[in-house]
Amino acid sequence: MLSLNEYMASVGDTAFPEGVLSGAEFWEALYRPTPYFAGMLRSGVPMPEFLYTRTPGGRYDPETTGVPALSLMVLPHLTDDPDGLLDDVRAAVVEWPVRAAPAHHEALFGLLAARFGRCAVVERSGYSTGWVPRLRAAFPYAKFVHLHRDGPDCALSMSRHSGYRVITLMREITERAGVESLGDLTEEQVRSLPPELAPLLGERFDPALVRDRDFPVRPFGDLWSELVVQGVRFLDGVPTGQRMTLGYEDLLDAPQEELARLAEFVGVDPAPGWLENACDRLDHGRRGSARKQLTAAEYDALREACTEGTRALRETSHHSA
């Protein structure tokens with residue numbers, strides 16, 4: 001498998017414009033730093049997924065050049081020389097003909113698959129359930145895997161993750177202003193925001209606004225449930241043979257069987273070495289983290305917030321059976 005780690009989270013909407021674009025224009029979408037992530041880096045609030053900045057000596061700097069979208073999480077997952085690989089990708093992409101965005105993405109997948117001797121391409125991004133309709137339209141032959149985890153455990157993990165903390169604060173901003181997205185905010189609405197929220201919309205903010213804030217965990221349960229319900233609804237529209245679900249707890253209980261099922265679905269043989277290595281990486285100590293670490297009242301409130309999402313997953317499991 002060619003593993004494209006956080007590819008959709010990295011390139012986002014700008015890499016899927018309407019109409020057609022040249023190879024040079026497509027390259028700009030791959031190269032241009034992702035504004036949301038660039039702001040977090042400048043403010044000293046990195047995410048664990050930011051692989052590029054975890055190794056010193058890279059060509060790109062968050063403060064000066066910015067880190068190219070493709071370099072932040074995708075390329076370091078494939079190679080120890082992400083700068084060199086980026087150069088090779090650029091040399092090929094800028095020469096590509098004018099065509100629709102999906103064709104450019106397919107060509108890029110093919111380029112990287114050939115480079116690393118892979119025959120199947122797997123993209124995984126967190127917080128991506130909303131992408132299903134667009135990806136289905138762009139790649140009608142694609143298969144979808146819905147990887148999920150116990151609601152309260154996942155929500156507790158999200159509450160400690162800098163990216164989801166920022167997402168929750170941005171959601172609070174749009175709710176306070178009564179707008180659909182941050183792009184709809186007026187200058188007056190921004191000025192009316194409290195001092196602990198308004199700075200987050202600037203190019204740089206005090207990391208303490210995210211890092212040191214006391215976040216209640218229940219809103220993360222609401223967010224988890226919302227995303228899961230959305231994902232299940234969208235995936236219901238995908239043909240049965242092109243979708244599967246994979247529960248984290250099922251993976252812990254029967255790793256060899258579940259990983260073999262995943263490999264078969266993807267279209268590759270489950271290599272014994274891969275199965276063994278993957279099984280060794282599983283952390284069984286994370287199961288039940290919410291029940292262990294929260295008070296009974298906190299856990300009950302979080303479980304209630306996750307009710308709709310948990311129900312949607314249960315119904316999906318019954319339909320699949």
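Only heavy atoms go into these numbers, but all of them, side chains included; no hydrogens, no water, no symmetry mates.
- Linking Ile, Leu, Val, Met, Phe, Trp and Tyr whenever their side-chain heavy atoms come within less than 4.5 Å puts Val93 and Leu75 in one cluster.
- Ring geometry, Tyr60 versus Tyr52: the interplanar angle falls from 30° to 60°, so the pair is classed tilted.
- Considering CD of Glu257 and CG of Leu251, their distance stands at 10.5 Å, rounded to 0.5 Å.
- Note on Ile167: it clusters hydrophobically with Val45, by side-chain heavy-atom contacts below 4.5 Å among ILVMFWY residues.
- With hydrogens and angles disregarded, a donor-acceptor distance shorter than 3.5 Å links the side chain of Gln242 to the backbone of Ala142.
- A donor-acceptor contact shorter than 3.5 Å is absent between the side chain of Thr129 and the backbone of Gln230.
- The residues Glu106 and Arg99 are annotated as not salt-bridged, no charged nitrogen and carboxylate oxygen being separated by less than 4.0 angstrom.
- The aromatic rings of Tyr127 and Tyr164 sit perpendicular, their planes meeting at an angle over 60°, well past the 30° parallel limit.
- Hydrophobic clustering of Ile, Leu, Val, Met, Phe, Trp and Tyr side chains at less than 4.5 Å, counting indirect connections, keeps Leu302 apart from Leu223.
- Counted by atom type alone, Asp222 and Ser225 present zero donor-acceptor pairs between their side chains at under 3.5 Å.
- In this structure, Arg149 contributes its side chain and Tyr248 its backbone to no donor-acceptor pair below 3.5 Å.
- Listed for the His105 side chain is no donor-acceptor partner under 3.5 Å among the backbone atoms of Ala138.
- Side-chain contact, His77 with Ser3: a donor N or O sits under 3.5 Å from an acceptor N or O.
- A salt bridge links Arg124 to Glu6: at least one charged side-chain nitrogen sits closer than 4.0 Å to a carboxylate oxygen.
- In this structure, Arg42 contributes its side chain and Arg204 its backbone to no donor-acceptor pair below 3.5 Å.
- Interatomic distance, CG of Leu193 versus CG of Leu200, reported as 9.5 Å (0.5 Å rounding).
- The residue from Val132, Thr316, Leu246, Val232 that alone fulfils the side chain to side chain contact (heavy atoms under 4.5 Å, CB included) condition with His146 is Val232.
- Salt bridge Arg59/Asp87: present, at least one basic N to carboxylate O contact under 4.0 Å.
- Side chain of Arg218 to main chain of Pro216: no donor-acceptor pair is present (N/O by atom type, distance under 3.5 Å, no hydrogens or angles).
- In the hydrophobic cluster analysis, where Ile, Leu, Val, Met, Phe, Trp and Tyr join through side-chain heavy atoms closer than 4.5 angstrom, Leu201 is grouped together with Phe37.
- Residues Phe109 and Tyr7 bring their aromatic ring centres within 6.0 Å.
- One hydrophobic cluster, built from ILVMFWY side chains closer than 4.5 Å, holds both Val94 and Leu86.
- Of the charged side-chain nitrogens involved, at least one lies within less than 4.0 Å of a carboxylate oxygen, so that Glu258 and Arg261 count as a salt-bridged pair.
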